Amino acid sequence: MLIRNTRLVALTDAVPGLVDVRVDDGRVVEVGPRLAGDEAVHDAGGRWLMPGLWDQHVHLGQWTLASARLDLGSARSSAEAVALVRERLAQWPDLPVIGWGHRPTAWPDNPVVSDLDAIATDQPIVLIAGDGHHGWLNTVALHALALPIRESVVSEVEWFMAYGRLASVLGTDGTGPDAYRRSMEAAAAQGVVGVADLEFSGGVADWLERWSGGADLIRVRHACYADGLDDVLARGLRTGDPLGDDPRLTMGPLKIISDGSLNTRTAWCCEPYAEKAMPGFEEGQPNQTPEELRTLLARAAAGGLQVAVHAIGDRAVTEALAAFEETGARGGIEHVQLTTRDDVRRMARLGVRASVQPAHLLDDRDVTERLWPGRAERCFPLRWMLDEGVEVVLGSDAPVSPLDPWLAVACAVHRSAGDREPWHPEQSITAREALAASTDGRGTVSVGHPADLVLLDADPLDGGSDRDHALRLRSFAEHVVATWVAGSTAYARD
């Protein structure tokens, strides 16, 4: 096709005036004014064209399920959460309760199994914390998921393994190809052309079946975990290889969760948590020994797989970088929520990518001040990273934050929401930098780019103050006119 009369969003090079963009065989092959040609024409009418957006950290199955889950984000105590569960069961007494979004760090009490067991029901109750790192279950659900009976929550590695068995609790897990397709349609309507799917469960065979069933609207990079590594290596798949016949569905990295999270006080830090730390693990804890982490990285590197290492605490970041350096593995660190300037420089030297989810700072800023006092200036250090030459990519970690790249960009620019003052604005980056970090390494649309494009009826770089610009960007999805993936229409506004 030929996109006529468009303005290019100047993510890198400025291109003055109106131009035409020719697409052939899924790629941009020509850019210039008044191009000749007789192919199908899309008249942009002076609108702005830029590379399509990527979300580099999504749990697509969980995000697909999110709309059907009980929203517990408003709960401020165990009692309030239990009350919401009672209300749901009063409405649908014959259905399991799957909840999402509670954050018990600030609660006056800890969630316990007996509080859920006190609800008179034979239905499984599974309440997933807002950071995704623990599940609060009743005894019925513990039995159904073949977990040992306990009074506490199920957390970290044990929880991630159990999550993949949720379908046995639900009967159907609500993530068939049609459900995935709806999630992709919603993403494309925001200008999203691709996601890195870091879902805990499933494997190559599941994605091939899902793709052939119609969940094939946008690009997907499928990540595997340690328990699926043997299968990926046996198939001879390397990062970037197509999983099947369609080059839009490709192999992503090996995902390793090396530590926990801030809210569960399991992110591995150099200094103790200020309050409510786990006895014996006052600085949080790793999920693998350093030797186990290096073994995984070495196996991935030998098999041609990049690695995505989840590391939230500063000690976890340090250990992850040591493993990259010793094994020669390639890839990145997910989250990099707390780190040091020296380790940022080390990331740049090693060529380790930083995959950051800026919207997390909206939820974590107050908790950070309580649990990591004196360390907040080292949290989400985007300015440091770009200044030191680290490759930065942005994502959401949906459903921990919404699958909304415009929200991520806005948070990177202003580091706040509403009327609150920005949180450590010295770590803010510009809208141009944030958008460039959301387009899979693409700058201004140019020859050779994949024809993964989004057409906007306003310029996202036209802002004002950081606050006003961020406020505008948060609702910028309403300006998406069309989204193309490999030159095919993924979304077109009526």
Side-chain angles (χ1 to χ4, degrees), residues 55 57-71 88 91-92 94-101 123-128 132 135 137 141 144-146 159-190 192-225 227-228 231-232 235 237 242-252 255 395-400 402-404 483 485-486 488-491:
D55 191 317
H57 189 129
V58 176
H59 299 277
L60 199 52
Q62 291 188 68
W63 176 245
T64 299
L65 278 168
S67 61
R69 289 174 172 165
L70 172 63
D71 183 2
R88 171 60 68 93
Q91 290 178 295
W92 294 293
D94 299 325
L95 294 176
V97 178
I98 309 295
W100 171 268
Q123 293 296 330
I125 301 172
V126 180
L127 309 182
I128 305 167
L137 286 64
L145 288 170
W159 168 243
F160 300 141
M161 297 298 292
Y163 182 85
R165 303 194 297 273
L166 269 187
S168 65
V169 173
L170 291 168
T172 173
D173 67 359
T175 54
D178 57 337
Y180 267 80
R181 178 81 180 197
R182 288 191 294 272
S183 293
M184 290 178 167
E185 289 169 352
Q190 299 185 83
V192 173
V193 297
V195 297
D197 182 29
L198 277 59
E199 187 57 87
F200 298 125
S201 59
V204 173
D206 296 314
W207 252 116
L208 288 171
E209 180 180 357
R210 192 177 295 129
W211 194 264
S212 65
D216 61 350
L217 187 65
I218 63 176
R219 294 187 189 271
V220 174
R221 292 177 184 145
H222 161 67
C224 74
Y225 284 74
D227 60 351
D231 176 63
V232 169
R235 293 172 181 265
L237 288 169
L243 297 191
D245 298 328
D246 193 328
R248 296 175 301 154
L249 175 64
T250 59
M251 189 67 223
K255 173 70 183 298
S396 66
D397 200 9
V400 180
L403 203 171
D404 182 349
T483 304
V485 177
S488 296
T489 302
Y491 167 77

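Treat the numbers as computed from the prediction; the structure is a model and nothing was measured.
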I'd like to know if the side chain of Thr483 and the backbone of Ala490 have a donor-acceptor N/O pair within less than 3.5 Å. no
Is there a side-chain contact between Val220 and Met184 (heavy atoms, below 4.5 Å)? yes
Is the centre of the Tyr180 ring less than 6.0 Å from the centre of the Trp211 ring? no
Within the structure provided, determine whether Val126 and Val97 are in side-chain contact (heavy-atom separation under 4.5 Å). no
Distance col, row Asp197:CG vs Arg210:CZ, nearest 0.5 angstrom, shows 7.0 Å
Would you indicate whether the side-chain heavy atoms of Met161 and Asp227 approach each other to under 4.5 Å? yes
With side-chain contact (heavy atoms from CB on, under 4.5 Å) as the criterion, how do Val58 and Leu403 come out once you've worked through the C-alpha distance, each side chain's angles and the decisive distance to 0.1 Å? CA-CA 7 Å; Val58 176; Leu403 203 171; 4.0 Å; yes
Return the NE2 to CG distance between His57 and Leu198, rounded to the nearest 0.5 Å. 5.0 Å
Apply side-chain contact (heavy atoms from CB on, under 4.5 Å) to residues Leu95 and Arg88 and explain how you reach the verdict. CA-CA 9 Å; Leu95 294 176; Arg88 171 60 68 93; over 6 Å; no
Taking Val193 as the fixed residue, which of Ile218, Leu217, Val485, Asp55 is the one that meets the side-chain contact (heavy atoms from CB on, under 4.5 Å) rule? Val485
With a sphere of 6.0 Å drawn around CD of Glu185, does it hold more than 12 non-hydrogen atoms of other residues, nucleotides or ligands? yes
Under 4.0 Å between a Lys/Arg side-chain N and an Asp/Glu carboxylate O for Arg235 and Asp231? yes
Using a 4.5 Å cut-off on heavy atoms from C-beta on, say whether the side chain of Val400 contacts that of Trp100. yes
Any chance you could measure Trp207, atom CH2, to Met251, atom CE, to the nearest 0.5 Å? 12.5 Å
Would you sort out whether Leu70 and Ile98 count as a side-chain contact (heavy atoms from CB on, under 4.5 Å), showing the intermediate values? CA-CA 6 Å; Leu70 172 63; Ile98 309 295; over 6 Å; no
Quick one: closest heavy-atom pair of Pro177 and Ala215, and the distance? O-CB, 3.7 Å
Separation of Asp397 CG from Gln62 CD (nearest 0.5 Å): 8.5 Å
Does some side-chain heavy atom of Tyr163 sit less than 4.5 Å from a side-chain heavy atom of Ile128? yes
Tell me the closest heavy-atom pair linking Ser396 and Pro402, and the distance in Å. CB-O, 3.2 Å
Give, for atom CG of Leu60 and atom NE2 of His222, the distance between the pair rounded to the nearest 0.5 Å. 12.0 Å
Gap between atom CG of Leu243 and atom CG of Leu208 - 0.5 Å precision: 5.5 Å
